[in-house]
Every structure is written in structure tokens, then in C-alpha cells.
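Computed from a predicted structure; not experimentally measured. Chain letters run A, B, ... following the sequence lines, proteins first and then strands; every chain starts at 1.
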Amino acid sequence: MSSIEERAAKALDDPENWPAEPKEAVARQRLLADRVRTEPLDPDSVRYVAGLDVSYGVGDTELAAAAVVLDARTLEVVDTSLVADTPSFPYISGLFAFRELPPVLKAIQGLSVAPDVFVCDGFGLAHPRRFGIASHLGVLIDAPVIGSAKSVLYGRNSPPGEERGSWTPMVAGRSELVDDTETLAAEGAEVVGRVLRTRARTKPVYVSVGHRVDLAGSVDLILRLSPKYRIPEPIRHADRLCGQYRKEHKEQQGHETKN
DNA sequence: GCGACAG
DNA sequence: ATCTTGTCGC
């Protein structure tokens, strides 16, 4: 079987993956969406977890992508990768994988520790076409990916309890809010994710299956990865890594301009 | 037609 | 996402 780096390179090199027009991008999502697989994820068997994130500069001309691998047990950082790049697709809600995946794949190529699971800052199945960035990445590199977002895109839900670990289901296409698992199953409702309280009395995060994981295992792992703060540690690390890189780069440019 | 709209 | 300091609360 090929390595993750090889699969990332192959995905980047295929022009079919990177349409220029939104309409083509939607068609691409519809084509790839049925490749998504939900499989059991045992959080106890996970050793390395990679957090992924992208930060932007001014004027829509520059961005930085980071991949940070943590030991899932100790939450220690064991590997990092950082890449500077240029946006090649506009930000459009529902299509933002086409903007962020190219730099993210490049950052993944720079890793030397192979992650067992990836965590994306965004959605997987909790998406209008069931193909958010977490599912998209998972299908492109055929790896386990979990989506963990900071706000809602798709699906209805009631607010979870205020205590850490409390959650409610995110349900597609319903008019009334029902949280009971049996009732939802009996009605054949489509559960696309879970709203999870990772920290008491703090805004929850939105967890959904990306690829080759299941929802319960994903929520369990995300909770373990967030022992202190709202945002899971792998994403927090990736966030501050590409964020500070962009800041330094901006300052450096400012100084050069003055001379 | 109206409202919503990941980062 | 980004522009931005201090400040209220556990």
C-alpha cells in the first residue's frame, strides 16, 4: 500500500481534483461523495493524531497551512509541518475544501510521522452534499479523518447540556428538534454529526464523520483531545503554528519594505 | 422569495 | 479567516 505522502502527492497532481469554477466543484463533490465510508474507530487504538489548519494574510494573496502530529496519550507534539502558499480558489461556504485542501495536502507531505487519524477544522458528513473538507481529505488520501468545526453549517440541533462531555445530535432535514437516539432511529432520521461540549459553560464544537471513522468513536477521541480547552489540542497547535508564521512573515515584509 | 452560510 | 486591549468570570 502506498504511503500517505504519496497519496497526497497524487491527489495534488490530478487536475480533475481542482476545478476552477464553483459549478464544477459542486459536481466534483457529488461525484466523490459516495466514496465516503463510515467505519468503527477505537480511540484506544489511536497512537498519533494530526491536527490541520490554515491561516490567511491580507488581500487574499497569501496563506499558511500547518499539520501537527500529537501523541494521543500524552498530547505531546511529535511532528510538525508548515507550508506557505497562495489561494487558488475563493472562499465559498460549502466549497471551502477547494481553497484549503491544496495547502493542507502540501503540509501533510512534509510530515515524517504517519498519523493514525487526522482532525480537520471543519465538517465531514454534516454538509449539504455530505462532503465537507474532512470527508474530502479522507477520500483523497484514503485515511481516517474527523471533522471538528467551531460553528454550524448544516443540520438542526438543540443545545447540549452545560457540562463537559454533554452532546446532542445534528440531524438533516427535520422541522422539529428531537434528541432521543431511539426516536431518531425509529423515524429513520439522518444524523450527520454531534454538537459536543468540550468545556463546561463554553460554546460547543461540532463533530462529524470525515472518512473511515464512526461518530461515537470520533466524539470520544475529540473529547480526550480537549482536556482543558474548547478546541482539540491538535487543531489548537496547528492553528497557532500557521498563525504565528503568517504574523512573522508579515512583519518581515514590513521591515524589508522600509529599507 | 427568504434566510443561512465551515474557514 | 482577519482587523484588535482590556476585561469579566471560573
Judged by each residue's nearest nucleotide on DNA chain C, which is more toward the 5′ side, A:K150 or A:R199? A:K150
Any chance the side chains of A:R194 and A:Y206 put a donor and an acceptor closer than 3.5 Å? no
May I ask you to verify if any side-chain N or O of A:S55 is less than 4.0 angstrom from the OP1 or OP2 atom of C:dA1? no
What's the CG-P distance between A:L95 and B:dC5, to the nearest Å? 16 Å
Pairwise distance CD(A:E62) to OH(A:Y56) - rounded to 0.5 angstrom: 12.5 Å
In whole Å, what is the span from the CZ atom of A:R201 to the C1' atom of C:dC8? 15 Å
Rounded to whole Å, how long is the line connecting atom NZ of A:K203 with atom P of C:dC10? 21 Å
Nearest whole Å is fine: how far is B:dC5 P from A:R129 CZ? 16 Å
Nearest whole angstrom, please: distance from the P of C:dA1 to the CD of A:Q244. 16 Å
Secondary structure of DNA chain C in dot-bracket form (Watson-Crick or G-U wobble, distances below 3.5 Å, | marking inter-strand pairs): ..........
With a cut-off of less than 4.0 Å, is there a side-chain N or O of A:S151 near OP1 or OP2 of B:dG7? yes
Atom OH of A:Y206 to atom C1' of B:dA4: distance rounded to whole Å? 14 Å
Ring-base stacking, A:Y91 with C:dA1 (5.5 Å, 30° cut-offs): no
Have a look at A:I92 and say if it touches a base, only the backbone sugar-phosphate, or nothing, with a 4.0 Å heavy-atom cut-off. nothing
Regarding A:G94, tell me which of base, sugar-phosphate or nothing describes its non-hydrogen contacts under 4.0 Å with the strands shown. base
Please work out which of the three classes, parallel, tilted or perpendicular, describes the rings of A:H136 and A:W18, given edges at 30° and 60°. parallel
When the distance from CG of A:L153 to C1' of B:dA4 is rounded to whole Å, what number comes out? 9 Å
Without hydrogens or angle criteria, can the side chains of A:S158 and A:D179 be said to hold a donor-acceptor pair below 3.5 Å? yes
Indicate, with a heavy-atom threshold strictly under 4.0 Å, whether A:V58 touches base, sugar-phosphate, or nothing. nothing
Rounded to whole angstroms, how far apart are CG on A:D121 and P on C:dT2? 11 Å
Assess the residue pair A:E39 and A:H211 against the criterion (side-chain contact (heavy atoms from CB on, under 4.5 Å)); give the C-alpha distance rounded to whole Å, side-chain angles, the decisive distance to 0.1 Å, and a yes or no. CA-CA 8 Å; A:E39 297 172 0; A:H211 186 54; over 6 Å; no
Is A:D53 paired with A:R240 through a side-chain N to carboxylate O contact shorter than 4.0 Å? no
Taking the side chain as every heavy atom from C-beta outward, state whether A:V209 and A:I146 have any atom pair closer than 4.5 Å. no
